[in-house]
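This structure is a prediction, so every number in the text was calculated from the model and none was measured. These numbers come from the heavy atoms of this one structure, side chains and all, not from hydrogens, waters or symmetry mates.
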Amino acid sequence: MSEAAHRAGARQWVGLAVLSLPALVIALDFTVLHLAVPHLSTDLRPTSTQVLWIVDIYGFMIAGLLVAMGTLGDRIGRRRLLLAGAFAFGAASVLAALSTSVQVLILARALLGITGATLLPSTLSLISNMFRDPVQRRFAIAVWSANFMLGGAIGPLVGGALLETFWWGSVFLPAVPVMLVLLLLGPLVVPEYRSPDAGRPDPASVVLAIASILPVVYGIKEVARDGPAAAPLLSAAAGALLGWAFVRRQRRLADPLLDLELFSHRGFSVSLGAQTTGLFVLGAVQFFVMQYLQLVLGLSPLEAGLWTVPAMVAGVAANLLVPLLSRRTRPVHVITGAFALGVVGLLLIAAAGPSGLAPTVAGFTLLNLALNPAMVLTYDMIISSAPPERAGTASGTAETGNELGIALGVAIAGSLGAAVYRRQVTGAALPADTPPEAVEAARDTLGGAVAAARELAGPSGGELLTVAREAFVQGMRVSTIALAVLLGAVTLTAAALLRNTPTTAPTHPGGDAHDRYDDENQTRA
């Protein structure tokens with residue numbers, strides 16, 4: 001078939017615009033919720049542990065189901081799964097927006113994660129099928145990826161503007177019209193594809209994967225909140241046992257959910273670990289910074305969103321420099337240099353006090369400037385270090401690691417910050433005339449302390465708020481320093497282990513190995 005026959009036409013390019021919408025919404029959902037946490041904390045009064053579940057259950061559900069949903073789409077039809085997921089994602093967004101209790105909001109966020117897992121693999125696999133020409137396909141995937149960055153960049157602005165006018169649940173509603181556009185235009189401009197060689201999803205592996213993560217996270221959060229106790233420790237042990245069962249099952253399956261053999265390639269395992277750690281750090285820091293700007297510095301949601309724009313713009317600009325940097329030096333040098341620069345950004349944030357707007361914005365901007373291009377290069381190293389016939393599996397594993405890294409960052413670093421905060425906000429530290437219910441609210445979250453301070457008469461409210469803000473800053477400082485130590489350790493490890501590791505996959509006669517792999521696996525139903 002001639003080269004012209006493989007080139008995409010107007011319908012495919014319109015289809016690309018439609019398929020890029022879910023990437024925009026999923027990235028936006030991450031950033032706007034961080035901005036809304038102070039407001040929903042005042043309204044729903046969640047505990048510190050419940051706040052973390054509200055934020056990170058979304059990422060855990062996506063991570064646990066991403067690969068399985070990709071396989072399911074190959075079997076039943078990628079467009080069919082995409083459209084079903086779009087409808088369900090829109091419905092879950094409405095449920096989240098209208099939630100009147102913490103439990104309902106956590107459930108809605110879990111449903112958003114489950115349905116979000118149907119969108120990501122479906123859109124990317126459909127793009128790969130629609131664009132058969134390698135050059136056009138690379139450009140199409142770049143456009144799709146750019147929408148993640150765009151969603152992250154506009155999320156604080158959209159969320160800030162909505163929170164200035166409406167209630168906290170309004171931050172979930174922009175997803176609804178976007179999903180309606182996808183439902184209306186998808187059948188017209190996106191063709192259906194199935195794979196005749198699709199494997200069977202393994203429900204037992206999916207259940208084991210999620211069941212091994214959530215009990216461990218629950219145990220960590222509860223120990224951070226109330227100290228070591230039998231129930232959380234047993235929960236963490238049960239999760240570890242289920243994780244062992246998951247690994248054993250993957251070794252026995254002919255078509256595993258997680259291909260453990262990929263981890264025998266040093267370039268793959270180290271690059272994946274570095275990428276997951278980078279997103280762990282970014283997710284955790286954004287969680288703290290959004291609350292710090294509003295609840296400690298007292299900025300409005302829109303003002304807080306505007307102060308994060310430099311960081312988002314810096315991240316996008318740095319991504320554009322990746323091709324130039326990778327031509328001038330080895331990717332491993334760029335990655336380790338970027339991680340080292342990220343450590344500096346974390347230390348700047350750690351140096352911020354109760355009035356530290358400048359170091360916080362500077363540190364957050366530097367962190368995004370450093371880590372965003374490093375994430376692009378680690379993703380490329382993950383794919384290129386895997387055998388060509390496993391490029392698709394490597395890509396799915398990388399996406400799973402991305403979502404898991406962000407969710408774990410919020411869960412673990414957030415738990416550490418909450419533990420420090422609770423130990424600082426004690427009855428002895430608060431004004432003597434503080435009512436017991438206000439003490440309990442203040443000890444749980446900074447949002448609870450702000451709400452309690454508004455209800456107290458006289459100077460007691462101001463004194464309570466000062467104690468709580470200083471405690472939050474201390475929790476953020478301890479967590480950020482711990483993140484800096486972690487990132488520094490990963491920097492040294494990556495520099496040592498990737499020093500002599502090839503960073504490109506072997507090519508074969510007839511073109512690039514991955515291009516040929518993609519072409520061979522594009523089968524239209």
Side-chain angles (χ1 to χ4, degrees), residues 31 34-38 41 48 51-52 55 152 156 159-160 224 278 280-315 338-372 409-410 412-425 429 442 445-450 453 462-488:
T31 53
H34 288 168
L35 200 64
V37 164
S41 295
S48 57
V51 168
L52 295 175
V55 174
F280 180 104
V281 170
L282 278 174
V285 170
Q286 183 164 303
F287 174 73
F288 283 115
V289 166
M290 292 297 191
Q291 293 183 78
Y292 174 82
L293 293 175
Q294 294 177 80
L295 296 178
V296 176
L297 300 185
L299 301 180
S300 71
L302 184 57
E303 289 172 332
L306 288 171
W307 278 113
T308 64
V309 169
M312 304 305 173
V313 172
F339 276 20
L341 190 61
V343 171
V344 177
L346 289 169
L347 294 177
L348 280 173
I349 296 171
S355 59
L357 177 62
T360 301
V361 172
F364 192 47
T365 301
L366 188 60
L367 189 67
N368 276 270
L369 179 71
L371 294 192
N372 273 284
V410 174
I412 295 176
S415 295
L416 176 59
V420 174
Y421 173 86
R422 287 178 64 83
R423 283 158 180 73
Q424 295 281 321
V425 182
T445 65
L446 179 56
V450 172
E463 293 175 20
L464 181 150
L465 197 54
T466 298
V467 171
R469 283 173 169 168
E470 290 177 350
F472 181 87
V473 170
Q474 184 64 17
M476 185 174 76
R477 179 178 295 123
V478 171
S479 300
T480 308
I481 291 173
L483 291 170
V485 172
L486 173 65
L487 194 60

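- Residues S41 and V51 approach most closely at OG-CG2, 4.0 Å, considering heavy atoms.
- For residues 358-372, the set of pairs meeting the side chain to side chain donor-acceptor pair (under 3.5 Å) definition, not counting sequence neighbours, comprises N368-N372.
- Atom CZ of R477 is separated from atom CG of L346 by 14.0 Å, given to the nearest 0.5 angstrom.
- Take L306 and apply the side-chain contact (heavy atoms from CB on, under 4.5 Å) test, not counting sequence neighbours, and it matches L157, L302.
- Taken to the nearest 0.5 Å, the CG atom of L416 stands 13.0 Å off from the CE atom of M476.
- Residues satisfying the side-chain contact (heavy atoms from CB on, under 4.5 Å) criterion with T308, sequence neighbours excluded, are P156, M290, L293, F364.
- Side chains of L446 and R469 form a contact here, defined as non-hydrogen atoms less than 4.5 Å apart.
- Closest approach of L366 to G345, counting heavy atoms only: CD2-N, 3.7 Å.
- Every side-chain contact (heavy atoms from CB on, under 4.5 Å) that Q424 has, sequence neighbours left out, goes to V420, A471, Q474.
- Partners of L347 according to the side-chain contact (heavy atoms from CB on, under 4.5 Å) rule, which considers only residues two or more places apart in sequence or in another chain, are V343, A484.
- Of all heavy-atom pairs between Y421 and F472, the closest is CD1-N, 3.5 Å.
- Closest approach of L483 and A284 over heavy atoms only: CD1-CB, 3.8 Å.
- Taken to the nearest 0.5 Å, the OG1 atom of T480 stands 6.0 Å off from the CD1 atom of I349.
- For the side chain to side chain donor-acceptor pair (under 3.5 Å) condition, the pairs that include at least one residue of residues 280-292, sequence neighbours left out, are H34-Q286.
- Here the closest non-hydrogen pair linking V425 and A468 is CG2-CA, 4.1 Å.
- Pairs of residues two or more places apart, or lying in two chains, that qualify as side chain to side chain donor-acceptor pair (under 3.5 Å) and include a residue from residues 297-306 are E164-S300, S300-E303.
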If you look only at distance, which donor and acceptor atoms sit under 3.5 Å apart when one is on a side chain in residues 350-357 and the other is two or more places apart or in another chain?
none

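- Between atom CZ of residue F280 and atom CG of residue L487 there is a gap of 11.0 Å, rounded to the nearest 0.5 Å.
- The only option from L348, V285, V344 that meets the side chain to side chain contact (heavy atoms under 4.5 Å, CB included) definition with L367 turns out to be V285.
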